[in-house]
There are 2 protein chains.
Amino acid sequence: MATDELDDEITTLLHQEDQRYTKGRRALVATLRAEGQPVTIPQILDASDGLAQSSVYRNLVVLEEAGVVTRIVTNDDFARYELAEQFTHHHHHLICSSCGDVIDFSLDDQAEAGLDEALNEIAEQVGFTVEAHRLDLVGTCADCD
Amino acid sequence: MATDELDDEITTLLHQEDQRYTKGRRALVATLRAEGQPVTIPQILDASDGLAQSSVYRNLVVLEEAGVVTRIVTNDDFARYELAEQFTHHHHHLICSSCGDVIDFSLDDQAEAGLDEALNEIAEQVGFTVEAHRLDLVGTCADCD
DNA sequence: AATCAGAATGAGAATTGTTTTCAACAGCTA
DNA sequence: TAGCTGTTGAAAACAATTCTCATTCTGATT
C-alpha cells in the first residue's frame with residue numbers, strides 16, 4: 001500500500017475516535033511499517049529515536065483502539081505490535097519459545113478457508129460472536145535450533 | 001483420568017525435574033482439575049483457601065516447567081492456567097474480549113488434521129521446530145452479548 | 001525413631017512492564 | 001493573536017509477578 005493511501009486511511013480511522021494523526025503517531029506507524037514484523041516497545045524506542053516511552057505506550061493504545069495496529073501478547077516479557085491486518089494481510093505467528101521472537105506466516109487459501117468454516121461452526125454452537133481468530137505456532141526458530 | 005493415575009504421572013514428571021509433588025502443588029492440581037477451565041491466580045486463591053499467593057505463583061511455574069499445566073496469556077490482566085493437554089485433550093480457546101473469560105473448545109478431527117498438515121508444511125519451509133500450535137477465537141461470549 | 005541436608009513455604013519486599021499524572025506545548029478556529 | 005482542546009514528556013504511580021529469607025517440612029540415612 002502506498003504511504004499516502006495508508007496515511008489517509010489511518011487519518012480516517014483516528015478521526016472516527018476523535019484522535020489526531022500526530023507526528024509521534026506517524027513515526028510509530030512508519031517504524032512498524034519499516035520493521036514488517038511484530039516489534040516490542042524497546043525495539044521501537046531503539047529504532048526510532050526521539051520518541052518518549054510514555055507517548056509510545058499511550059499512542060500504541062490509541063492506535064490499537066482505532067484498529068490501526070494489533071497488540072500481540074506472548075509469554076515473553078514485552079508485548080509486541082504490528083500494523084493491523086487491514087493494512088497488511090491476514091496472517092499468523094510463529095513464536096519462538098527460546099528467544100521470544102515472533103515471525104509472520106500465512107496459510108494457503110484452502111487451509112485458511114477450511115479453518116474458517118470449522119471455527120464459524122463452533123462459534124455458532126456456543127453462541128460466541130467471532131471478532132478474529134488467532135493461530136500461533138509455538139516452537140524453536142531456525143536461529144535458536 | 002482417575003485421580004491416582006493422574007497423581008502418579010504428575011509425580012513422575014516432577015521427579016524428572018527434581019521436584020516434589022507437595023501438598024500445595026496437589027492442591028493446585030486439584031483446583032485446576034475441579035475448575036475444568038482456564039483460571040486466573042486470583043480465582044485459584046479464592047477457590048482454594050490456605051494457599052499463599054507467592055507459593056501459587058512459584059508452584060505454577062514449577063508445574064509448567066514440568067509440563068503439568070499450561071499458561072495462557074491473553075490481553076487480560078491476569079495469566080490463566082489449566083491442566084496440560086496430556087491430562088485432558090487437545091483443545092483451543094474462545095477468548096471473550098469483553099469479560100476476559102476463556103472457554104475451551106475442540107475442532108472436529110478432520111479440521112484438526114487438515115490444520116496440522118498445513119502447519120507442518122509451513123514450519124518445515126521456514127526451519128521452525130514446532131512444539132505446539134495454539135488456536136484462539138477472539139470475540140464476545142454469550143453472556144456478554 | 002532421631003538427625004540432618006536440602007527443598008518448599010509464607011509474608012512481605014522488590015522488580016518491572018505498563019499506565020497515569022500534570023505542567024508545558026502544539027494545532028486548530030475565530 | 002487569543003483561546004480552547006488534544007498531545008507530549010518526565011517522572012511518579014500502579015499492579016502482576018518474582019524474589020528474599022527465615023522458618024518449616026521431607027525424606028533419606030543412620
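Just so it is clear: chains get the letters A, B, ... in the order the sequence lines come, proteins before strands, and each one is counted from 1.
Shortest non-hydrogen contact noted between B/Val102 and B/Ile95 is CG2-CG1, 4.3 Å. The two residues A/Leu45 and A/Leu51 make their nearest non-hydrogen contact at CD2-O, 3.6 Å.
Straight-line distance from the CZ atom of A/Arg80 to the C1' atom of C/dT18: 16 Å, rounded to whole Å. Atom CD in B/Gln19 sits about 13 Å away from atom P in D/dG27, given to the nearest Å. Atom-to-atom, CG of B/Asp18 to P of C/dG6 comes out at 14 Å; the value is rounded to the nearest Å. Here the P atom of nucleotide C/dT19 and the CG atom of B/Asn75 are 10 Å apart, to the nearest Å. Distance CZ (B/Arg26) to C1' (C/dA8): 14 Å, rounded to an integer number of Å. A/Leu60 has its CG atom 14 Å from the P atom of C/dT20, to the nearest Å. Per the geometry, CZ belonging to A/Arg20 stands 11 Å off P belonging to D/dT5, to the nearest Å. Rounded to whole Å, the distance from CG on B/Asp76 to P on C/dT19 is 13 Å.
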Taking N or O atoms only and anything under 3.5 Å, show me the protein contacts with nucleotides 15-18 of chain D, one pair per line.
residue: D/dT17; atom: OP1; partner: B/Ala79; partner atom: N; Å: 3.2
residue: D/dT17; atom: OP2; partner: B/Tyr57; partner atom: OH; Å: 2.7

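A/His91 contributes a side-chain N or O that, together with a main-chain N or O of A/His89, makes up a donor-acceptor pair within less than 3.5 Å. Within the 3.5 Å criterion, the main-chain N or O of B/Val138 finds no donor-acceptor partner in the side chain of A/Arg134. Listed for the A/Arg25 side chain is a donor-acceptor partner under 3.5 Å among the backbone atoms of A/Arg20. A donor-acceptor pair under 3.5 Å is formed between the side chain of B/Ser97 and the backbone N or O of B/Gly139.
In this structure, A/Ser55 reaches the D/dG9 phosphate: one of its side-chain N or O atoms is under 4.0 Å from OP1 or OP2. Taking 4.0 angstrom as the limit, A/Thr22 places a side-chain polar atom (N or O) nearer than this to OP1 or OP2 of D/dT8. At D/dT7, none of the side-chain N or O atoms of A/Asn59 fall inside 4.0 Å of OP1 or OP2 (strictly under the cut-off).
When each of A/Tyr21 and B/Lys23 is assigned the nucleotide of DNA chain D bearing its nearest heavy atom, the one mapping closer to the 5' terminus is A/Tyr21.
Taking only side-chain atoms of B/Arg25, from C-beta outward, the nucleotide of D/dG9, D/dT8, C/dT9 with the closest atom is C/dT9.
Ring geometry for A/His92 versus A/His133: interplanar angle under 30°, hence parallel rather than tilted (30 to 60°).
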